[in-house]
Amino acid sequence: MLWQASSSITAALLVSLASATPQIPGQVLTGTVGNATIAGNPRGPDVHGKYEIRGPGIRALFVPYGAAIANLFLNDTAGIERDVVGGFDNASYYTVDRQHPHFGAVPGRYANRIRNSSFEIDGQTFHVLPNENPEPGSPKGVDTLHGGPDGWDWRNWTVVAHTEDSITFSLTDPDGDQGFPGEVVSYVTYTLGNMTWDLRMVAVPTEKKTPIMLSSHTYWNLDGFANNETALALNHSLWLPYGGQRVGTDPILIPTGDILANAPQSVNDFWTAPKQLGANFTNPALLGNCGANCTGYDTCFLTNRQQPYDWRQAGPVARLRSAWSGIQVDVFTDQEAFQVYSCGGMNGSMALKSTQGLFNVTERPRVIEQYGCVVMEVEDWIDGINQPQWGRREKQIYGPGGDPYVLQASYKFSLNSTAVGLLGPGSG
Ligand SMILES: *[C@@H]1O[C@H](CO)[C@@H](O)[C@H](O)[C@H]1NC(C)=O
Ligand SMILES: *[C@@H]1O[C@H](CO)[C@@H](O)[C@H](O)[C@H]1NC(C)=O
Ligand SMILES: *[C@@H]1O[C@H](CO)[C@@H](O)[C@H](O)[C@H]1NC(C)=O
Ligand SMILES: *[C@@H]1O[C@H](CO)[C@@H](O)[C@H](O)[C@H]1NC(C)=O
Ligand SMILES: *[C@@H]1O[C@H](CO)[C@@H](O)[C@H](O)[C@H]1NC(C)=O
Ligand SMILES: *[C@@H]1O[C@H](CO)[C@@H](O)[C@H](O)[C@H]1NC(C)=O
Ligand SMILES: *[C@@H]1O[C@H](CO)[C@@H](O)[C@H](O)[C@H]1NC(C)=O
Ligand SMILES: *[C@@H]1O[C@H](CO)[C@@H](O)[C@H](O)[C@H]1NC(C)=O
Ligand SMILES: *[C@@H]1O[C@H](CO)[C@@H](O)[C@H](O)[C@H]1NC(C)=O
Ligand SMILES: *[C@@H]1O[C@H](CO)[C@@H](O)[C@H](O)[C@H]1NC(C)=O
Ligand SMILES: *[C@@H]1O[C@H](CO)[C@@H](O)[C@H](O)[C@H]1NC(C)=O
Ligand SMILES: *[C@@H]1O[C@H](CO)[C@@H](O)[C@H](O)[C@H]1NC(C)=O
């Protein structure tokens with residue numbers, strides 16, 4: 001292991017990092033620095049620039065670009081291996097593709113949208129770079145999405161540790177980058193266990209108070225896009241047992257400050273029972289539900305658990321399942337919100353990976369169709385820095401010498417062969 005940024009690493013971070021990368025006695029820690037393989041380390045990237053880790057019944061590939069997951073393989077109920085996340089075939093293409101939709105990456109330093117690209121800390125107003133919703137007077141946009149035009153998911157991270165079942169990426173984000181105050185040093189560790197994928201993200205501001213909110217922006221299709229009856233994810237069922245409320249947003253998806261109730265049987269009710277993502281797509285109430293002229297979901301659900309709770313024991317905040325493959329994922333997390341995006345912005349311009357889809361192009365184009373996937377983001381209440389009445393600022397603004405920012409989540413996979421429709425039309 002090496003510590004090239006050691007001057008800016010705090011003791012607290014080192015402690016956090018150490019606990020994030022469990023070392024198995026006798027196992028050699030391996031890794032790379034930039035493009036150079038550490039001496040004695042046989043475990044570099046593969047020929048496509050990807051880094052592999054494995055656990056029982058699960059295998060994944062990652063790229064330094066955005067610290068992103070690029071492939072996630074599981075066997076379905078028929079014993080056929082499925083690659084259940086969106087991504088590209090090789091690491092170099094992530095930089096080449098300029099329209100990439102934060103594929104599998106870590107959005108940062110502040111995930112989701114910042115109203116008016118500005119916020120206040122200790123009476124001082126900060127302006128960050130806008131990158132969404134351009135208007136005549138604001139050609140670059142009127143808000144900031146996922147940390148700005150060069151957010152963390154557009155940068156190559158450094159691989160600092162890589163074992164058989166775990167990989168750690170690091171990024172140092174300089175003072176003033178995208179307009180944010182102060183340097184932030186971050187470590188992201190992914191670990192595979194027995195059909196589980198664990199995420200641990202730590203970020204430490206070394207100089208100034210700054211907003212920090214991270215997430216994992218993974219695009220899921222639990223059929224590996226190989227469902228021979230549909231190219232879409234609308235038959236996936238979603239259950240959000242703690243999702244009785246959501247953040248109200250305006251037509252460009254900026255929080256209004258309102259916290260809204262998800263009434264039973266309404267289009268945003270995923271808490272009373274599992275429901276197919278597409279169950280309410282013919283209901284007119286779903287038009288505009290994900291911003292102006294958008295049908296579907298791009299929604300920040302709250303994960304209201306009774307305090308205090310142990311996030312590993314409190315049960316999943318989400319369950320996503322496809323009856324076709326039988327693959328089910330339960331999401332456990334210490335985060336208080338959960339964004340669901342039903343891929344309304346996909347339009348068939350992103351190619352599938354060689355590991356996905358149907359191979360007969362007459363039958364089906366090898367692309368991600370609109371609603372062909374679903375993004376699930378564990379995070380805090382979006383734009384909480386601009387809604388002080390929510391009381392989320394202490395979970396979103398960090399300073400040197402204080403606690404580090406920490407995000408933890410565990411995705412537990414299983415096979416569930418319950419047939420579609422067995423429990424009624426919405427059950428999936
Ligand atoms: C790493 O990159 C540097 C600069 O691009 C280059 O000079 C060097 O040869 C590379 N090393 C390896 C092992 O590829
Ligand atoms: C899927 O099953 C095959 C055959 O048993 C096995 O070789 C492969 O490793 C399994 N895939 C995963 C991701 O565990
Ligand atoms: C990398 O992947 C892209 C997209 O799939 C493809 O167009 C390109 O040819 C690949 N490049 C290499 C070197 O394999
Ligand atoms: C990221 O690394 C890839 C190699 O994997 C390289 O092709 C690309 O230019 C780098 N991109 C950036 C933004 O540094
Ligand atoms: C938005 O920011 C601009 C400066 O960039 C400021 O002049 C304006 O008052 C802000 N608008 C709102 C609604 O906060
Ligand atoms: C994985 O977990 C299953 C049950 O959840 C258990 O039967 C199996 O033995 C475990 N495999 C390993 C390698 O620990
Ligand atoms: C679709 O896939 C299922 C499961 O793999 C298979 O049983 C069925 O025969 C396939 N149908 C067609 C029309 O290929
Ligand atoms: C999708 O779900 C509906 C019920 O909501 C069912 O009628 C249909 O057969 C399902 N399609 C696929 C491809 O599973
Ligand atoms: C709304 O979407 C429809 C269908 O995609 C499109 O024809 C129409 O121009 C859009 N309207 C606006 C105001 O964007
Ligand atoms: C590909 O799919 C088309 C349409 O379903 C079918 O007519 C054709 O026979 C298929 N080709 C192969 C090689 O399976
Ligand atoms: C399997 O899925 C069905 C339908 O959503 C659900 O009722 C059941 O609880 C799931 N089983 C397990 C073990 O998670
Ligand atoms: C949404 O779909 C569910 C499941 O099919 C149904 O029970 C509910 O009435 C629908 N709600 C609306 C508003 O269409």
Side-chain angles (χ1 to χ4, degrees), residues 46 50-62 69-85 87 164-165 190-197 220-224 226 233-241 243-244 246 260-290 295-297 299 301 315-332 340 342 353 355-356 371 374 410-428:
D46 67 14
K50 295 179 177 177
Y51 294 77
E52 185 184 84
I53 61 175
R54 290 168 179 267
I58 190 165
R59 185 165 65 88
L61 302 172
F62 294 87
I69 187 163
N71 306 74
L72 182 61
F73 299 100
L74 296 145
N75 284 337
D76 70 9
T77 43
I80 300 170
E81 204 167 77
R82 304 294 177 196
D83 180 0
V84 298
V85 301
E164 177 80 22
D165 62 2
Y190 301 118
T191 307
L192 295 185
N194 188 355
M195 285 182 77
T196 63
W197 174 29
W220 300 91
N221 180 305
L222 297 178
D223 299 330
L234 294 180
N235 271 71
H236 286 37
S237 70
L238 177 68
W239 183 41
L240 306 174
R246 70 184 188 283
L260 306 174
N262 299 323
Q265 305 307 312
S266 69
V267 297
N268 290 303
D269 170 21
F270 287 94
W271 62 276
T272 59
K275 182 171 78 179
Q276 288 189 349
L277 278 167
N280 299 135
F281 262 57
T282 56
N283 191 306
L286 215 55
L287 175 61
N289 194 56
C290 43
T295 296
Y297 303 95
T299 308
F301 293 91
V317 299
R319 168 175 293 171
L320 183 72
R321 187 177 84 94
S322 168
W324 185 81
S325 65
I327 295 175
Q328 171 172 304
V329 56
D330 286 327
V331 180
F332 295 73
V340 175
S342 55
K353 286 173 287 182
T355 47
Q356 300 178 316
Y371 312 127
V374 56
S410 184
Y411 294 77
K412 297 186 189 299
F413 297 88
S414 56
L415 296 178
N416 180 342
S417 49
T418 309
V420 67
L422 201 65
L423 304 171
S427 68

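FYI, the numbering just counts along the sequence from 1. Since we're looking at a predicted model, the values are computed, not measured. Indexing begins at 1, ligand by ligand and atom by atom, following the structure's order.
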query = When you measure from atom 2 (O) of ligand 2 to every protein heavy atom, which one gives the shortest distance, and what is it?
reply =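 Here the nearest protein heavy atom works out to N75 ND2, 2.2 Å.
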request  = May I ask you to identify the nearest protein heavy atom to atom 9 (O) of ligand 2, giving residue, atom name and distance to one decimal place in Å?
outcome  = E81 OE2, 4.2 Å
query = Can you list the ligand 11 atoms lying under 4.0 Å from a non-hydrogen atom of Q328?
reply = 1 (C), 2 (O), 10 (C), 12 (C), 14 (O)
Quick one: do [X] and [Y] make a salt bridge, cutoff under 4.0 Å?
{"X": "R82", "Y": "D76", "result": "yes"}
{"X": "K50", "Y": "E52", "result": "no"}
{"X": "D83", "Y": "K353", "result": "yes"}

request  = Taking only heavy atoms of F73 into account, list the atoms of ligand 2 that are under 4.0 Å away from them.
outcome  = 13 (C)
remark   = A student checking ligand 2 against I58 at a 4.0 Å heavy-atom cut-off should list atoms 14 (O)
ask   = With atoms numbered from 1 as shown, which atoms in ligand 12 lie under 4.0 angstrom from a non-hydrogen atom of Q265?
value = 6 (C), 7 (O), 8 (C), 9 (O), 10 (C), 11 (N), 12 (C), 13 (C)
message = Can you name the atoms of ligand 12, numbered from 1 with element, that are less than 4.0 Å from a heavy atom of N280?
response =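 Answer, ordered by atom number: 1 (C), 2 (O), 3 (C), 8 (C), 10 (C), 11 (N), 12 (C), 14 (O).
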request  = Kindly indicate, with the supporting measurements, whether the criterion side-chain hydrogen bond (donor to acceptor under 3.5 Å, both in side chains) is fulfilled by T272 and D269.
outcome  = CA-CA 7 Å; T272 59; D269 170 21; 2.7 Å; yes
key: Minimum-distance pair of heavy atoms, taken over all atoms of T295 and C290   = C-SG, 3.4 Å
request  = Please round to the nearest 0.5 Å and tell me the distance separating atom OG1 of T191 and atom CD1 of I53.
outcome  = 6.5 Å
request  = For ligand 12, find out whether one of its N or O atoms is nearer than 3.5 Å to an N or O atom of N283.
outcome  =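 It does: an N or O of N283 is found under 3.5 Å from an N or O of ligand 12.
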ask   = Considering all protein heavy atoms, does one lie under 4.0 Å from atom 5 (O) of ligand 2?
value = no
inquiry  = Quick check: F281 with Y371 (ring centres under 6.0 Å apart)?
reply    = yes
ask   = Just distances here: any N/O of N416 and N/O of ligand 11 closer than 3.5 Å?
value = yes
